[in-house]
Amino acid sequence: MDRKTFISSLCPALALASLRAQTLPHQAKSPGNKSLVVYFSWSGNTRSIAKKIGALVPADLVELELERPYSRNYNTCLDEALRDQKKNARPKLKNSPGDIRKYKDIFLGYPNWWGSIPMPIASFLESGNFEGKNIFPFCSNGGGGLGQSISAITKLCPKSKIGNPLPVHYDGGSNLQKELKEWIGENKAS
């Protein structure tokens with residue numbers, strides 16, 4: 001009698017556990033278990049941070065783009081962003097990550113505009129069902145930190161788990177890689 005047959009005869013549950021342990025490493029992630037790094041960036045700071053997260057976490061990486069982009073002129077962009085915020089606008093997105101059901105963890109990046117999320121982030125968060133998802137916000141800023149962005153995300157995704165957010169001053173500087181590793185570890189552990 002070979003070893004597998006012997007184990008099966010002694011304890012069928014042990015044999016099943018042994019079989020599962022042998023097959024699990026070869027199975028692909030089940031649907032709803034993938035990670036996504038999705039972000040909106042105007043100046044490139046948030047894009048830079050998102051790409052560094054994407055290099056640390058196996059994830060799909062998607063930059064949200066607008067059908068009608070904000071002006072490339074900084075002052076005009078600020079005016080447009082404030083206008084959209086006052087109107088509670090939902091600018092139309094040119095792209096999206098697709099079916100959100102395949103993702104469990106969503107790393108959500110954005111600049112702090114007028115003390116909160118930019119309205120393209122609101123457009124994205126209202127585009128799918130985020131119930132049961134883990135959302136890990138990261139926010140580039142010029143000194144305003146997270147502002148009221150976490151409460152805005154929580155209102156748009158009340159049935160999601162909002163992880164520890166990460167405010168990043170501009171592009172994060174030379175310590176960013178270390179901070180990102182710690183932040184990802186903290187969020188994955190909680």
Side-chain angles (χ1 to χ4, degrees), residues 20 24-25 27-42 44-67 81 84-85 88-141 144-168 172 176-177 179-190:
R20 282 188 182 149
L24 280 178
Q27 293 174 345
K29 282 187 171 184
S30 62
N33 207 22
K34 293 178 71 175
S35 294
L36 170 68
V37 178
V38 61
Y39 62 96
F40 173 75
S41 186
W42 180 82
N45 287 331
T46 307
R47 179 182 305 112
S48 173
I49 299 162
K51 287 182 177 183
K52 288 177 181 166
I53 293 169
L56 294 170
V57 177
D60 293 339
L61 186 69
V62 176
E63 180 173 4
L64 299 174
E65 298 176 52
L66 296 175
E67 283 186 6
D84 280 358
Q85 217 168 41
N88 204 22
R90 298 298 185 262
K92 289 188 180 182
L93 299 174
K94 184 168 41 170
N95 66 331
S96 78
D99 187 0
I100 217 71
R101 290 179 294 180
K102 62 185 173 185
Y103 301 109
K104 177 184 176 194
D105 296 332
I106 299 169
F107 295 85
L108 180 66
Y110 51 90
N112 173 341
W113 279 5
W114 297 105
S116 192
I117 58 172
M119 293 299 95
I121 293 295
S123 297
F124 167 68
L125 292 175
E126 288 182 347
S127 72
N129 180 358
F130 290 83
E131 182 175 348
K133 305 296 181 192
N134 299 317
I135 299 176
F136 307 119
F138 61 98
C139 171
S140 60
N141 67 85
L146 296 162
Q148 298 300 312
S149 65
I150 303 309
S151 93
I153 293 167
T154 302
K155 285 178 188 173
L156 291 166
C157 300
K159 295 182 179 180
S160 298
K161 178 185 175 196
I162 310 301
N164 297 327
L166 179 68
V168 179
L176 181 62
Q177 193 75 6
E179 289 176 29
L180 288 176
K181 286 179 182 178
E182 289 172 3
W183 174 70
I184 290 166
E186 289 168 7
N187 276 302
K188 290 296 194 169
S190 61

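Because only heavy atoms are used, hydrogens play no part in the values below, and waters and symmetry mates are left out as well, while side chains stay in. If you read the sequence from its start, that first residue is 1, and numbering goes on from there. A quick note: this is a predicted structure, and the numbers were derived from the prediction, not measured.
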Asker: With rounding to the nearest 0.5 Å, note down the distance linking CD1 in Ile100 to CD1 in Ile106.
Answerer: 4.5 Å
Asker: Counting C-beta onward and ignoring hydrogens, is there a side-chain heavy-atom pair between Leu176 and Val168 closer than 4.5 Å?
Answerer: yes
Asker: With side-chain contact (heavy atoms from CB on, under 4.5 Å) as the test, would you mind laying out the steps for Cys157 and Ile135 before giving the verdict?
Answerer: CA-CA 9 Å; Cys157 300; Ile135 299 176; 3.8 Å; yes
Asker: What pairs meet the salt bridge (Lys or Arg N to Asp or Glu O under 4.0 Å) rule with one or both residues in residues 115-132, with sequence neighbours excluded?
Answerer: Arg90-Glu126
Asker: In a table with atom names and distances, give each donor-acceptor pair under 3.5 Å that connects a side chain of residues 110-118 to protein atoms at least two apart or in another chain.
Answerer:
from: Tyr110; atom 1: OH; to: Ser149; atom 2: OG; distance (Å): 2.8
from: Asn112; atom 1: OD1; to: Gly115; atom 2: N; distance (Å): 2.9
from: Asn112; atom 1: OD1; to: Ser116; atom 2: N; distance (Å): 3.4
from: Asn112; atom 1: ND2; to: Gly144; atom 2: O; distance (Å): 3.2
from: Asn112; atom 1: ND2; to: Gly145; atom 2: O; distance (Å): 3.0
from: Trp114; atom 1: NE1; to: Leu78; atom 2: O; distance (Å): 3.0

Asker: Supply the atom-to-atom distance Lys51 NZ to Ser41 OG, rounded to the nearest 0.5 angstrom.
Answerer: 9.5 Å
Asker: Donor-acceptor pair, Asp84 side chain versus Ala89 backbone, under 3.5 Å?
Answerer: no
Asker: Are more than 12 heavy atoms, taken from residues, nucleotides or ligands other than Gln148, located less than 6.0 Å from that residue's CD atom?
Answerer: no
Asker: What pairs with Asn141 under side chain to side chain donor-acceptor pair (under 3.5 Å), at least two apart in sequence or on another chain?
Answerer: none
Asker: Roughly how far apart are Leu36 CG and Asp60 CG, rounded to 0.5 Å?
Answerer: 6.5 Å
Asker: Nearest 0.5 Å, please: how far is CG in Leu61 from CZ in Arg47?
Answerer: 10.5 Å
Asker: Is the closest side-chain heavy-atom distance between Lys159 and Asn129 below 4.5 Å?
Answerer: no
Asker: Report the C-alpha separation of Phe40 and Phe124 in whole Å, then their side-chain angles, then the decisive distance to 0.1 Å, and conclude whether the side-chain contact (heavy atoms from CB on, under 4.5 Å) test is met.
Answerer: CA-CA 10 Å; Phe40 173 75; Phe124 167 68; over 6 Å; no
Asker: Going through the checks in order, is the side-chain contact (heavy atoms from CB on, under 4.5 Å) test met by Phe107 and Ile184?
Answerer: CA-CA 9 Å; Phe107 295 85; Ile184 290 166; 4.2 Å; yes
Asker: Can you tell me how far the CG atom of Leu64 sits from the CG atom of Asn95, to the nearest 0.5 Å?
Answerer: 6.0 Å
Asker: Where is the tightest heavy-atom contact between Ser96 and Val62, given as atom of each residue plus distance?
Answerer: C-CG1, 4.3 Å
Asker: What do the steps show when you test Phe136 against Leu166 for side-chain contact (heavy atoms from CB on, under 4.5 Å), and what is the final call?
Answerer: CA-CA 8 Å; Phe136 307 119; Leu166 179 68; over 6 Å; no
Asker: Over all heavy atoms of both residues, which pair between Pro137 and Ile162 is shortest? Give the atoms and the distance, please.
Answerer: CG-CG2, 3.9 Å
Asker: Ser123 side chain to Pro91 main-chain N or O, any donor-acceptor pair under 3.5 Å?
Answerer: yes
Asker: Nearest heavy-atom pair of Lys133 and Arg101: which atoms, and what distance?
Answerer: NZ-O, 3.3 Å
Asker: If you measure from NZ on Lys161 to OG1 on Thr154, what distance do you get to the nearest 0.5 Å?
Answerer: 13.0 Å
Asker: Examine Phe130 together with Tyr103 and report whether their ring centres are nearer than 6.0 Å.
Answerer: no
Asker: Can you see which heavy atom on Ile121 is nearest to which on Gly109, and at what distance?
Answerer: CD1-O, 3.6 Å
Asker: Looking at every non-hydrogen atom in both residues, tell me the closest pair between Leu93 and Pro120 and how far apart they are.
Answerer: CD2-O, 4.0 Å
Asker: What is the minimum heavy-atom distance between Met119 and Asn88, and which atoms define it?
Answerer: SD-OD1, 4.1 Å
